[in-house]
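Everything on this sheet refers to the single structure shown next.
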Protein chains: 2
Amino acid sequence: MKSSSHRLGDLQLRILQSLWVRPDSSVAEVHAELKPERDLAYTTVATMLRKMEARGLVLHREEGRSFLYRAKVAAAEVSRSVGQHLIERLSAGSLTEAVSHLLTSREVSREELDQLEKLIKEAKRRAQ
Amino acid sequence: MKSSSHRLGDLQLRILQSLWVRPDSSVAEVHAELKPERDLAYTTVATMLRKMEARGLVLHREEGRSFLYRAKVAAAEVSRSVGQHLIERLSAGSLTEAVSHLLTSREVSREELDQLEKLIKEAKRRAQ
DNA sequence: AAGGTAATACTACCATGGTAGTTAATGTGT
DNA sequence: ACACATTAACTACCATGGTAGTATTACCTT
């Protein structure tokens, strides 16, 4: 599966997330989507998309005067590799230790804990 | 608490982790510690430590001919901020979603799931 | 036809992380 | 005393992510 170790910066990842939700977005659309969080110039987004295409992260097709971009890498794959990298950084590879860090280092609400418990139960069910 | 958003690269974080476990390490000791995972030149580690000291991440004192370094930032604080950043990247701030990603995107053993369950229970107990 | 507008292309720049060589100082052993 | 080893200082370099200005192209409207 060639793995390829996606080493993504924050902005690139954010753009990918946007494209996963809304494929075939024009530069203008991605720019608009990111506007509230990050006030970037239009050309910044355009440049980023071009760089990302050169890296094989996205691709585009022409539609009239504008380019429509879509992610070339799967959300699942990238999330996995981002998560893996996180776990590696946070706790030298131990998932439970990583989660433990997350739990102890921030305020976690009752609801979140309940939800987490449900997640684990589901994972257990799926496991057998 | 000024937060300060520690933006650490992999190597810098790894060096900090090493110093948390063994404070007052010489460059040689840090270098030796990292040797198995990353075969870096001695000078690379030394340079990194100097750069990190300039950023306020570590500090040193002189002991004879060599410098003994120790982390200036607390493990808890850095872990928190690294974890926070991770959650942000992975799932726009939702902890449960982040954990969900981690669970679904990799093989999780029965033992790990049990341990996770225990973690949640403990967190709940602590919460009330 | 002309002028405005929207789009991409190209180029440039900066910061940072990472990597290491070279140099200089200082101590150590024979 | 002299060679050798250890150590830190300085310098340099490269890749990448991020940011945006300027130039060019093409379309649309009046």
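In the text below, chain A, chain B and the rest are named by the order of the sequence lines, each starting its count at 1. Note: hydrogens, waters and symmetry copies are ignored here, and every other heavy atom, side chains too, is used.
- Below 30°, between 30° and 60°, or above 60°: for B:His31 and B:Tyr42 the angle between ring planes is above 60°, a perpendicular geometry.
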Spell out protein contact along nucleotides 14-30 of chain D as letters: B when the base is contacted, S when just the sugar-phosphate is, - when no protein heavy atom is under 4.0 Å; keep the 5' to 3' order.
-> ---BBBBBB--------
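- Here the CG atom belonging to B:Leu103 is positioned 9.5 Å from the CD atom belonging to B:Glu112, to the nearest 0.5 angstrom.
- In summary, A:Glu33 and A:Arg22 engage in a salt bridge, as defined by a charged side-chain N under 4.0 Å from a carboxylate O.
- What separates CZ of A:Arg61 from C1' of C:dA7 is a distance of 16 Å, to the nearest Å.
- A:Arg61 and A:Glu63 are joined by a salt bridge, as a carboxylate oxygen and a charged side-chain nitrogen come within less than 4.0 angstrom of each other.
- Atom CD in B:Glu63 sits roughly 14 Å away from atom P in C:dG27 (whole-Å rounding).
- The separation between A:Glu53 atom CD and C:dT8 atom P is 11 Å, rounded to whole Å.
- Distance CG (B:Leu59) to C1' (D:dA8): 17 Å, rounded to an integer number of Å.
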Under 3.5 Å, which donor-acceptor pairs do the side chains of residues 88-95 of chain B form with other protein atoms, sequence neighbours left out?
residue: B:Glu88; atom: OE1; partner: B:Gln84; partner atom: NE2; Å: 3.3
residue: B:Arg89; atom: NH1; partner: A:Leu8; partner atom: O; Å: 3.2
residue: B:Arg89; atom: NH1; partner: A:Asp10; partner atom: OD1; Å: 2.8
residue: B:Arg89; atom: NH2; partner: A:Leu8; partner atom: O; Å: 3.1
residue: B:Ser91; atom: OG; partner: B:Ile87; partner atom: O; Å: 3.1
residue: B:Ser91; atom: OG; partner: B:Ser94; partner atom: O; Å: 2.7
residue: B:Ser94; atom: OG; partner: B:Thr96; partner atom: OG1; Å: 3.4
residue: B:Ser94; atom: OG; partner: B:Glu97; partner atom: N; Å: 3.0

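- In this structure, CZ of B:Phe67 is placed 13 Å from P of C:dG27, rounded to the nearest angstrom.
- Nucleic acid contact for A:Tyr42: base, since at least one base atom lies under 4.0 Å from a heavy atom of the residue.
- In this structure, the CD atom of B:Glu62 is 15 Å from the P atom of C:dA25, given to the nearest Å.
- Between A:Glu53 and A:Lys72 no salt bridge is recorded (no basic side-chain N to carboxylate O distance below 4.0 Å).
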